[in-house]
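Since the structure comes first, as C-alpha coordinates, the remarks are kept for the end.
The analysis underlying the following values was restricted to heavy atoms, covering all of them including side chains, and did not include hydrogens, waters or symmetry mates.
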Amino acid sequence: MTATLVAKDIAGGHDHRQLFAGLSLTVAPGDVVGVVGANGAGKTTLLRILAGADQPQAGTVSMAPADAFVGWLPQEHERVPGENVAAYIARRTGCAQATADMESTAEALGGGAPGADDAYARAFDRWMASGAADLDDRIPAVLADLGLEAGADAP
(Lines give C-alpha, C1' and ligand atoms only; values in the text may rest on other atoms or scores of the structure.)
Protein backbone atom coordinates (compact mmCIF):
# COMPACT_ATOMS: atom_id res chain seq x y z
CA MET A 1 0.00 0.00 0.00
CA THR A 2 1.24 3.49 -0.77
CA ALA A 3 0.11 6.33 1.41
CA THR A 4 0.52 10.05 1.96
CA LEU A 5 0.87 11.66 5.38
CA VAL A 6 -0.34 15.25 5.74
CA ALA A 7 0.32 17.37 8.84
CA LYS A 8 -1.33 20.81 8.89
CA ASP A 9 -0.36 23.58 11.29
CA ILE A 10 0.62 21.17 14.07
CA ALA A 11 2.07 22.21 17.38
CA GLY A 12 3.73 19.92 19.86
CA GLY A 13 5.30 19.96 23.26
CA HIS A 14 4.78 18.81 26.81
CA ASP A 15 2.18 20.28 29.14
CA HIS A 16 2.78 24.04 29.13
CA ARG A 17 6.02 23.93 27.09
CA GLN A 18 5.48 24.22 23.34
CA LEU A 19 8.44 22.97 21.30
CA PHE A 20 7.13 23.82 17.83
CA ALA A 21 4.05 25.38 16.24
CA GLY A 22 2.62 26.04 12.80
CA LEU A 23 4.40 23.05 11.27
CA SER A 24 2.94 21.69 8.02
CA LEU A 25 4.37 18.72 6.19
CA THR A 26 3.34 16.36 3.41
CA VAL A 27 5.15 13.06 2.98
CA ALA A 28 4.20 11.33 -0.26
CA PRO A 29 5.17 7.86 -1.50
CA GLY A 30 8.90 7.77 -2.21
CA ASP A 31 9.71 10.82 -0.08
CA VAL A 32 12.57 10.64 2.40
CA VAL A 33 12.49 13.02 5.35
CA GLY A 34 15.20 13.73 7.89
CA VAL A 35 14.59 15.45 11.22
CA VAL A 36 17.58 17.28 12.66
CA GLY A 37 17.85 19.46 15.73
CA ALA A 38 19.39 19.95 19.13
CA ASN A 39 18.49 17.74 22.06
CA GLY A 40 15.14 18.83 23.45
CA ALA A 41 14.08 20.64 20.27
CA GLY A 42 11.09 18.34 19.72
CA LYS A 43 12.29 15.79 17.16
CA THR A 44 10.90 12.80 19.04
CA THR A 45 7.72 14.70 19.93
CA LEU A 46 7.18 15.48 16.24
CA LEU A 47 7.74 11.88 15.17
CA ARG A 48 5.42 10.57 17.90
CA ILE A 49 2.71 12.95 16.69
CA LEU A 50 3.18 11.96 13.04
CA ALA A 51 3.00 8.28 14.01
CA GLY A 52 -0.19 8.82 16.01
CA ALA A 53 1.41 7.86 19.32
CA ASP A 54 0.70 11.37 20.69
CA GLN A 55 -1.87 14.02 19.82
CA PRO A 56 -0.72 17.44 18.58
CA GLN A 57 -1.41 20.45 20.79
CA ALA A 58 -2.89 22.07 17.68
CA GLY A 59 -3.42 21.16 14.04
CA THR A 60 -4.17 17.85 12.35
CA VAL A 61 -2.37 14.79 11.04
CA SER A 62 -4.09 12.64 8.44
CA MET A 63 -3.29 9.73 6.16
CA ALA A 64 -4.55 8.97 2.67
CA PRO A 65 -5.88 6.38 2.44
CA ALA A 66 -7.41 6.78 5.89
CA ASP A 67 -6.60 3.19 6.94
CA ALA A 68 -2.86 3.61 6.27
CA PHE A 69 -0.52 3.76 9.22
CA VAL A 70 2.93 5.04 10.12
CA GLY A 71 5.48 2.55 11.41
CA TRP A 72 7.46 4.06 14.24
CA LEU A 73 10.38 2.72 16.26
CA PRO A 74 11.06 4.68 19.44
CA GLN A 75 14.63 5.53 20.42
CA GLU A 76 14.36 3.59 23.65
CA HIS A 77 13.13 0.06 23.40
CA GLU A 78 11.18 -1.84 25.98
CA ARG A 79 12.85 -5.05 27.03
CA VAL A 80 10.70 -8.13 27.28
CA PRO A 81 12.38 -10.93 29.25
CA GLY A 82 13.02 -13.99 27.08
CA GLU A 83 12.04 -12.25 23.83
CA ASN A 84 14.18 -13.26 20.85
CA VAL A 85 15.26 -10.93 18.05
CA ALA A 86 12.56 -12.09 15.60
CA ALA A 87 9.80 -11.52 18.18
CA TYR A 88 11.35 -8.15 19.07
CA ILE A 89 11.27 -7.07 15.42
CA ALA A 90 7.66 -8.25 15.03
CA ARG A 91 6.61 -6.33 18.15
CA ARG A 92 8.53 -3.15 17.39
CA THR A 93 7.38 -2.91 13.76
CA GLY A 94 3.72 -3.43 14.65
CA CYS A 95 3.59 -6.75 12.81
CA ALA A 96 2.85 -8.68 16.01
CA GLN A 97 -0.10 -6.41 16.85
CA ALA A 98 -1.37 -6.52 13.26
CA THR A 99 -1.23 -10.33 13.40
CA ALA A 100 -3.05 -10.43 16.75
CA ASP A 101 -5.73 -8.06 15.44
CA MET A 102 -6.22 -10.12 12.28
CA GLU A 103 -6.46 -13.36 14.26
CA SER A 104 -8.99 -11.93 16.73
CA THR A 105 -11.17 -10.51 13.95
CA ALA A 106 -10.94 -13.85 12.09
CA GLU A 107 -12.23 -15.55 15.23
CA ALA A 108 -15.09 -13.04 15.46
CA LEU A 109 -15.83 -13.61 11.78
CA GLY A 110 -15.96 -17.36 12.33
CA GLY A 111 -18.32 -16.83 15.24
CA GLY A 112 -20.69 -14.75 13.12
CA ALA A 113 -20.27 -11.54 15.16
CA PRO A 114 -22.09 -8.52 13.67
CA GLY A 115 -19.75 -6.33 11.62
CA ALA A 116 -16.98 -8.93 11.79
CA ASP A 117 -16.60 -9.08 8.02
CA ASP A 118 -15.68 -5.38 7.78
CA ALA A 119 -13.44 -5.57 10.85
CA TYR A 120 -11.65 -8.59 9.43
CA ALA A 121 -11.17 -6.90 6.04
CA ARG A 122 -9.61 -3.84 7.74
CA ALA A 123 -7.41 -6.00 9.97
CA PHE A 124 -6.31 -8.16 7.04
CA ASP A 125 -5.42 -5.10 4.94
CA ARG A 126 -3.40 -3.64 7.84
CA TRP A 127 -1.68 -7.02 8.39
CA MET A 128 -0.67 -7.13 4.72
CA ALA A 129 0.44 -3.47 4.68
CA SER A 130 2.53 -3.94 7.84
CA GLY A 131 4.67 -6.60 6.16
CA ALA A 132 3.63 -9.26 8.68
CA ALA A 133 2.69 -11.75 5.95
CA ASP A 134 6.31 -12.40 4.96
CA LEU A 135 8.17 -11.00 7.96
CA ASP A 136 9.40 -14.42 9.10
CA ASP A 137 10.85 -15.05 5.64
CA ARG A 138 12.65 -11.68 5.51
CA ILE A 139 14.13 -11.60 9.02
CA PRO A 140 16.88 -14.25 8.67
CA ALA A 141 18.56 -12.59 5.68
CA VAL A 142 18.51 -9.14 7.27
CA LEU A 143 19.83 -10.45 10.58
CA ALA A 144 22.56 -12.45 8.80
CA ASP A 145 23.72 -9.24 7.12
CA LEU A 146 23.96 -7.71 10.60
CA GLY A 147 25.73 -10.73 12.08
CA LEU A 148 22.75 -11.68 14.29
CA GLU A 149 20.52 -14.73 14.60
CA ALA A 150 16.71 -14.65 14.71
CA GLY A 151 16.61 -16.93 17.75
CA ALA A 152 19.10 -14.84 19.74
CA ASP A 153 17.90 -12.85 22.73
CA ALA A 154 16.70 -9.35 21.89
CA PRO A 155 18.95 -6.35 22.60
Side-chain angles (χ1 to χ4, degrees), residues 1-102 104-105 119 121-155:
M1 172 193 307
T2 59
T4 300
L5 178 140
V6 177
K8 291 185 180 180
D9 295 320
I10 62 172
H14 305 284
D15 299 322
H16 66 283
R17 183 172 176 225
Q18 192 171 69
L19 298 171
F20 56 87
L23 190 144
S24 294
L25 170 74
T26 299
V27 182
D31 286 352
V32 176
V33 178
V35 180
V36 180
N39 287 343
K43 301 179 299 292
T44 298
T45 300
L46 170 62
L47 294 175
R48 287 181 58 86
I49 290 169
L50 296 177
D54 290 340
Q55 293 298 312
Q57 292 176 334
T60 60
V61 178
S62 61
M63 296 290 297
D67 63 345
F69 67 97
V70 175
W72 173 64
L73 298 176
Q75 293 179 64
E76 299 85 20
H77 62 274
E78 299 171 7
R79 292 185 176 270
V80 175
E83 182 176 56
N84 67 30
V85 174
Y88 173 81
I89 291 170
R91 179 174 56 86
R92 291 290 307 273
T93 59
C95 289
Q97 185 62 53
T99 298
D101 292 346
M102 187 196 54
S104 68
T105 58
R122 284 190 305 275
F124 180 79
D125 288 346
R126 184 171 175 95
W127 180 74
M128 291 296 291
S130 75
D134 65 347
L135 182 67
D136 290 341
D137 295 333
R138 291 181 289 125
I139 286 176
V142 172
L143 292 179
D145 286 347
L146 297 172
L148 300 171
E149 296 177 25
D153 289 339

> What pair of heavy atoms forms the shortest contact from Thr4 to Pro29, and how long is it?
Replying inline: OG1-CD, 3.4 Å

> What distance separates Thr26 OG1 from Lys8 NZ, expressed to the nearest 0.5 Å?
Replying inline: 8.0 Å

> What pair of heavy atoms forms the shortest contact from Leu135 to Cys95, and how long is it?
Replying inline: CD2-CB, 3.8 Å

>> To check you understand the geometry: which heavy-atom pair defines the closest contact between Pro65 and Thr2, and what is its length?
In response: CD-O, 3.5 Å

>> For a 4.5 angstrom cut-off between non-hydrogen side-chain atoms, does Val61 reach Val70?
In response: no

> Hey, what do you get for CZ (Arg122) to CG (Asp101), rounding to the nearest 0.5 Å?
Replying inline: 11.0 Å

> To the nearest 0.5 Å, how far apart are OG1 in Thr105 and CZ in Arg126?
Replying inline: 12.0 Å

>> Return the CG to CG distance between Leu25 and Leu46, rounded to the nearest 0.5 Å.
In response: 7.5 Å

>> Just verifying a value: how many Å separate Phe20 CZ and Gln57 CD, rounded to the nearest 0.5 Å?
In response: 8.0 Å

>> So which atom in Met102 and which in Ala123 form the shortest heavy-atom distance, rounded to 0.1 Å?
In response: CA-CB, 3.8 Å

>> Using modelled atom types and a 3.5 Å cut-off, is there a donor and acceptor pairing between side-chain atoms of Arg91 and backbone atoms of Glu83?
In response: no

>> If you compare all heavy atoms of Gly12 against all heavy atoms of Ile49, which two are closest, and at what distance to 0.1 Å?
In response: CA-CD1, 3.8 Å

> Considering all heavy atoms of both residues, which atom of Leu5 and which atom of Leu50 are nearest to each other, and what is their separation?
Replying inline: CD1-O, 3.5 Å

>> Tell me if a side-chain donor or acceptor on Asp134 pairs with a main-chain N or O of Asp137 at a distance below 3.5 Å.
In response: no

> Can you list every pair that meets salt bridge (charged side-chain N to carboxylate O under 4.0 Å, His left out) and has a residue in residues 17-31, with sequence neighbours left out?
Replying inline: none

> Considering residues, nucleotides and ligands other than Gln55, do more than 12 of their heavy atoms fall under 6.0 Å from its CD?
Replying inline: no

> Taking the side chain from Lys43 and the backbone from Gly37, do they hold a donor-acceptor pair closer than 3.5 Å?
Replying inline: yes

